[in-house]
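Just the heavy atoms: all of them, side chains too, but no hydrogens, waters or symmetry mates, feed the values below. None of these values were measured; they are calculated from a predicted model. Start at 1 and go down the list; that is how both ligands and their atoms are numbered.
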Amino acid sequence: MAVVYNFSAGPGVLPEPVLREVQAEFLSYKQGVSIVEMSHRSDTFGTIVEQLETRLRRLMHIPDDYAVLFLQGGATLQFSMVPMNLRETGRFAYLDSGIWSKKAIADAKHFGDVIVAGSSAASNYGTIPDWPEHIQDVDYLHVTLNNTIEGTRYTKLPDTDVPLVADVSSNILAEAIDVQRYGLLYAGAQKNIGPAGLTLVIIRRDLITERDLPSYLAYSKHVDTLLNTPSTFSLYVAERVLAWVETEGGVEEMERRNEKKSKLLYDALDTSPLFYALVSGKNRSLTNIPFTTGDDATDEAFRQFAETRGLIELGGHRSVGGLRASLYNAMPLEGVTRLIDVMHEFEQEGQDVSYKNV
Ligand SMILES: *Cc1c(COP(=O)(O)O)cnc(C)c1O
């Protein structure tokens with residue numbers, strides 16, 4: 001079978017050696033039963049969760065005064081759990097940098113007053129808003145560090161005493177994140193860590209207080225324990241993926257590779273006579289690269305052209321259209337060079353055929 005490269009934004013590509021390992025031990029994991037038949041309270045499974053946390057702490061240099069929580073509900077449930085659990089004054093600041101932050105803002109409004117401290121909505125989120133100069137008297141400042149749909153990212157952080165809360169769903173483990181600068185980080189696992197069904201929350205312990213909330217929704221009920229049955233399969237695969245990241249050289253090495261991969265693709269787009277990147281300048285994402293020919297029909301023709309050559313999931317997000325290549329950790333360099341070759345092939349064919357008339 002020809003090689004397939006999966007450019008999906010999420011659930012995204014996972015390391016092939018991990019998938020093979022999972023396949024090999026799926027019927028019988030240590031005790032002669034499948035991992036998906038095993039109690040989450042068993043010693044065997046307890047070891048997996050412990051290992052997962054240990055690896056994550058090592059890879060991200062997470063200090064002891066931060067708790068790591070393994071939840072469900074995706075990043076989307078964190079849009080609500082964050083304001084529910086961090087609410088003191090009931091005033092929350094948000095940077096409105098993309099469609100995901102817009103959704104986070106909409107959900108936070110159920111729990112207090114949202115101050116939009118900066119927005120790039122007017123430019124259709126083609127850029128990111130600057131950090132606010134002065135921000136105070138709010139419970140936290142929320143930012144989407146990497147805008148998965150629009151392909152922008154923050155690299156610098158503001159100087160502020162307000163706890164920073166970041167949605168890192170699409171850049172966790174893809175680039176170095178200085179955990180100590182944040183009060184809370186959260187991420188759905190399905191972009192860069194493992195299968196869907198697992199959400200990571202990394203929270204400074206002093207921000208966790210007892211709340212009059214339904215048990216699942218309170219961070220305090222998840223600290224150092226599994227409150228209920230987690231998505232056991234997702235936890236198990238995530239642990240194997242983190243082991244792979246460690247073997248490959250850790251987050252620093254992932255970042256180096258992702259910089260190399262994304263630079264290759266951005267350079268190809270910047271010099272292409274047909275395609276161009278939707279984001280320019282220093283805030284280009286390392287992991288999600290939206291691009292277009294400027295014409296819907298030609299974009300669609302290329303998407304199909306690429307698909308028949310084993311390059312799949314290159315369509316843009318359904319809300320914005322166009323094309324998008326997601327280059328998560330498990331996307332090899334060869335996937336990117338292959339994409340660039342296929343772009344050139346398409347450009348070549350376009351000299352004979354006008355796709356605008358297809
Ligand atoms: C994918 C994504 C989400 C939504 O995640 P779910 O796990 O599907 O809820 C939220 N924020 C960002 C930045 C994302 O990339």
> Under 4.0 Å from any heavy atom of Ser169, which atoms of ligand 1 are there?
Replying inline: 11 (N), 12 (C), 13 (C), 14 (C), 15 (O)
> Between Tyr140 and Tyr182, do the side chains contain an N or O donor and an N or O acceptor separated by less than 3.5 Å?
Replying inline: no
>> Suppose I only count heavy atoms of Gly74 and a 4.0 Å limit; which atoms of ligand 1 are within that range?
In response: 7 (O), 9 (O)
> Rounded to the nearest 0.5 Å, what separation is found between the NE2 atom of His142 and the CD1 atom of Ile115?
Replying inline: 14.5 Å
>> Does Lys102 have more than 12 heavy atoms from other residues, nucleotides or ligands lying within 6.0 Å of its NZ?
In response: no
>> Taking 4.0 angstrom as the limit and counting only heavy atoms of Thr148, give me the atoms of ligand 1 inside it, by number and element.
In response: 12 (C), 13 (C), 14 (C), 15 (O)
>> Which of the numbered atoms in ligand 1 are under 4.0 angstrom from any heavy atom belonging to Lys191?
In response: 1 (C), 2 (C), 3 (C), 14 (C), 15 (O)
> What is the closest protein heavy atom to atom 9 (O) of ligand 1, and at what distance does it sit?
Replying inline: Thr76 OG1, 2.5 Å
> Regarding Tyr236 and Glu25, is there a side-chain donor-to-acceptor distance under 3.5 Å anywhere?
Replying inline: yes
> With a cut-off of 4.0 Å, which atoms of ligand 1 are near a heavy atom of Asp167?
Replying inline: 10 (C), 11 (N), 12 (C), 13 (C)
> Is it the case that one hydrophobic cluster holds both Leu207 and Phe111, taking links as side-chain heavy atoms less than 4.5 Å apart, direct or via other members?
Replying inline: yes
>> How far is atom 5 (O) of ligand 1 from the closest protein heavy atom, and which atom is that?
In response: Ala75 CB, 3.5 Å
> Between Phe70 and His222, is the gap from one ring center to the other below 6.0 Å?
Replying inline: no
>> Working note: Glu259 + Lys263, criterion salt bridge (charged side-chain N to carboxylate O under 4.0 Å, His left out); need CA distance, chi angles, decisive distance, verdict.
In response: CA-CA 6 Å; Glu259 268 169 1; Lys263 180 171 188 314; over 6 Å; no
>> Out of all atoms in ligand 1, which are within 4.0 Å of some heavy atom of Phe79? Include the element for each.
In response: 10 (C)
> Which of the numbered atoms in ligand 1 are below 4.0 angstrom from a heavy atom of Gln190?
Replying inline: 5 (O), 6 (P), 7 (O), 8 (O)
> Thr144 heavy atoms, cut-off 4.0 Å: which ligand 1 atoms fall inside?
Replying inline: 13 (C)
